[in-house]
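Letters A, B, ... are given to chains in the order of the sequence lines, protein chains preceding strands, and every chain is numbered from 1. For the numbers below, each heavy atom of this structure counts, side chains included, while hydrogens, waters and symmetry mates do not.
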2 protein chains.
Amino acid sequence: MPNKILKSRQSQAINCLDCPSRPLCITGGLVHKTEIEEVNDVIMNSITLKKQKHLFHAHTSMKNIYAVYSGSCKEYWIDENGNECLTNFYFPGDLIALESIPDRTNLLSVSALEDSELCVLPLNELYPVMQKHLNVLKRFIAITGNKMRNDRSTKMGVTANERVSDFLLNIISRMLERNQTEKNIPLPMSQLDISNYLGIAHETVNRIFKNLKDQEIIKIENKMMTLLDLDELERLGRLDYSLK
Amino acid sequence: MPNKILKSRQSQAINCLDCPSRPLCITGGLVHKTEIEEVNDVIMNSITLKKQKHLFHAHTSMKNIYAVYSGSCKEYWIDENGNECLTNFYFPGDLIALESIPDRTNLLSVSALEDSELCVLPLNELYPVMQKHLNVLKRFIAITGNKMRNDRSTKMGVTANERVSDFLLNIISRMLERNQTEKNIPLPMSQLDISNYLGIAHETVNRIFKNLKDQEIIKIENKMMTLLDLDELERLGRLDYSLK
DNA sequence: CGGGCGTTTGAACGTGCTCAAGAGGAGTGG
DNA sequence: CCACTCCTCTTGAGCACGTTCAAACGCCCG
């Protein structure tokens with residue numbers, strides 16, 4: 001696994017208490033300082049991951065879960081024809097590898113969409129903290145529930161237009177949670193990634209993006225999206241994210 | 001909520017220790033009798049649910065999770081056009097309402113596909129057992145991970161043939177886990193349910209079923225499926241369930 | 001400066017949808 | 001117990017959306 005640098009977390013001044021993504025992450029909603037600090041103590045290391053480098057590959061063993069501190073990642077597998085099938089995108093505050101817990105095996109690969117930093121949470125050290133602090137236990141289980149909801153919600157659309165609109169609404173909703181404004185939505189993944197995620201030809205994704213831009217519903221330049229007409233985008237999709 | 005009968009669990013002689021679905025359910029893998037018994041003690045009641053009756057409706061508050069003891073359920077929501085969008089099927093040993101934990105709100109409805117029995121697990125009473133017994137905590141989190149994997153795996157196919165094949169492979173794999181033989185796979189849901197689940201026209205589902213039957217890959221009669229040619233079904237799908 | 005990736009656009013084909021209609025089966029009420 | 005209704009399953013025909021194939025361009029990165 002080249003280009004992956006492990007650093008002691010202390011030396012980087014990364015700390016849950018002043019992490020901007022804390023509300024979304026595992027210490028989100030916790031009020032007692034001791035609870036937060038005990039989770040923070042579990043996270044000894046962080047990983048710096050250069051663009052396109054892998055956090056882990058499919059069919060490897062898993063010991064840690066990871067929290068995105070900065071940047072973004074994609075999760076995928078390679079099918080029998082060599083196609084890259086994307087299963088998820090991860091942004092700051094998201095936990096990676098929750099799926100790998102049952103048999104401690106990664107069934108999917110994860111790589112960075114851009115230069116990223118990730119916090120390392122050794123699973124075996126996290127369990128005792130959950131046992132000691134009910135609020136940490138509740139928080140962790142709530143996060144797994146939120147992931148189930150999020151994973152479900154992005155692929156319900158039937159037509160290509162619905163799927164792309166729902167995808168954008170999902171990204172927008174997650175970015176607004178992360179204190180981005182609607183003029184400032186990062187889209188770090190390529191259109192090809194989006195097509196592989198949605199199970200749609202990349203030409204179709206491109207044409208739908210063009211339509212959305214021509215109709216002045218969104219604007220995209222330099223991997224950043226500006227939302228111009230939320231009402232119309234919600235009308236095109238099937239989901240209600242209640243973004244108002 | 002008509003036709004829903006709550007009984008004291010004791011009076012029904014339903015007990016985790018001799019439940020046939022225990023290996024798949026929350027006490028699966030546990031070896032210490034005290035652990036199993038303390039989980040069992042949390043489950044005071046079971047629910048008898050007649051076919052088509054609801055366990056709960058969307059937009060209601062949630063206090064319990066449910067374990068299917070017998071029968072089967074479907075989970076769905078109604079979109080703005082009144083279409084029933086199926087999100088999951090639940091079989092004996094499966095836990096229902098894990099998604100509802102974050103905000104204690106059901107976003108989806110669940111109803112019975114056939115007469116069913118469900119065990120009621122009050123969430124607030126389950127937390128202390130997880131805190132006390134590391135193995136119960138690990139088991140619960142493993143189940144959430146398994147659900148994430150299962151939810152993901154059924155909708156990756158792009159073509160209608162792939163989606164139907166993957167759906168059948170998923171059902172078969174879950175039924176073999178439940179000690180069914182490949183000559184004896186229950187399909188309690190209607191073709192309409194399957195089409196609503198897969199996001200495919202029900203006519204298309206029917207035609208693909210007809211092809212699978214004509215090619216002697218499967219046989220279906222009276223809501224029971226017989227698997228005749230696993231190799232061919234796996235070739236048609238995209239997933240590898242390694243069912244051999 | 002060259003190569004490769006990502007994006008854009010066009011044209012033709014084909015899968016799967018829509019609409020329509022009928023048969024079979026289960027459940028309900030008289 | 002039968003008749004009626006509704007739901008599910010089945011099959012056909014035409015159409016449309018999205019794919020596939022092809023080609024060209026811009027741009028990032030080495």
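Without hydrogens or angle criteria, B/Asp151 side chain to B/Met148 main chain gives no donor-acceptor distance under 3.5 Å. The backbone N or O of A/Arg174 sits less than 3.5 Å from a side-chain atom of A/Arg178, completing a donor-acceptor pair. Side-chain atoms of A/Ser21 do not come within 3.5 Å of backbone N or O of A/Leu24 as any donor-acceptor pair.
Proximity of B/Asn83 to B/Asn196: side-chain heavy atoms (C-beta onward) are nowhere separated by under 4.5 Å.
Positionally, the nearest nucleotide of DNA chain D for A/Gly199 lies more toward the 5' end than for the other of A/Gly199 and A/Lys51. Along DNA chain C, the nucleotide closest to A/Val158 and the one closest to A/Gln52 are compared, and the more 5′ of them pairs with A/Gln52. If A/Val205 and A/Asn222 are placed on DNA chain D by their nearest nucleotide, the residue sitting closer to the 5' end is A/Val205.
We find that CZ of A/Arg207 is positioned 11 Å from C1' of C/dT7, with the value rounded to whole Å. Between the CG atom of A/Asp193 and the P atom of C/dG6 there is a distance of 7 Å, rounded to whole Å. At whole-Å resolution of the value, CG in B/Asn81 and C1' in C/dT18 are 15 Å apart. In this structure, B/Lys53 atom NZ and C/dG27 atom P are separated by 14 Å, rounded to whole Å. The NZ-P distance, from B/Lys223 to C/dA26, rounds to 10 Å in whole Å. We find that NE2 of B/His202 is positioned 8 Å from C1' of D/dT8, with the value rounded to whole Å. In this structure, B/Glu221 atom CD and C/dG24 atom C1' are separated by 16 Å, rounded to whole Å. Note: CG (A/Leu113) to P (C/dG6) measures 11 Å, nearest angstrom.
Between B/Lys210 and D/dT10, a side-chain N or O to OP1/OP2 separation shorter than 4.0 Å is absent. The phosphate of C/dT15 has neither OP1 nor OP2 within less than 4.0 Å of any side-chain N or O from B/Thr159.
Not a single donor-acceptor pair, N or O on each side, falls under 3.5 Å between the base of D/dC7 and the side chain of B/Gln191.
At the heavy-atom level, A/Ser190 lies under 4.0 Å from the strands shown only through sugar-phosphate atoms. Residue A/Ala160 is classed as a sugar-phosphate contact, given heavy-atom separations below 4.0 Å to backbone atoms only.
Where the helix from C/dC1-D/dG30 to C/dG30-D/dC1 starts and where it ends, the local axes point in directions that differ by 60°; five pairs per end, rounded to 10°.
With rounding to the nearest 0.5 Å, the separation of OG1 in A/Thr144 from CZ in A/Arg149 is 11.0 Å.
The side-chain contact (heavy atoms from CB on, under 4.5 Å) test with B/Tyr90 singles out one residue from B/Leu55, B/Ile96, B/Leu95, B/Leu113, and that residue is B/Ile96.
Between D/dT20, D/dG18, C/dC17, one nucleotide has an atom nearer to the side chain of A/Ala201 than all others, and that is D/dT20.
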Practice prompt. Determine, stepwise, if the pair A/Val164 / A/Phe209 fulfils side chain to side chain contact (heavy atoms under 4.5 Å, CB included).
Written response: CA-CA 8 Å; A/Val164 171; A/Phe209 270 38; 3.6 Å; yes
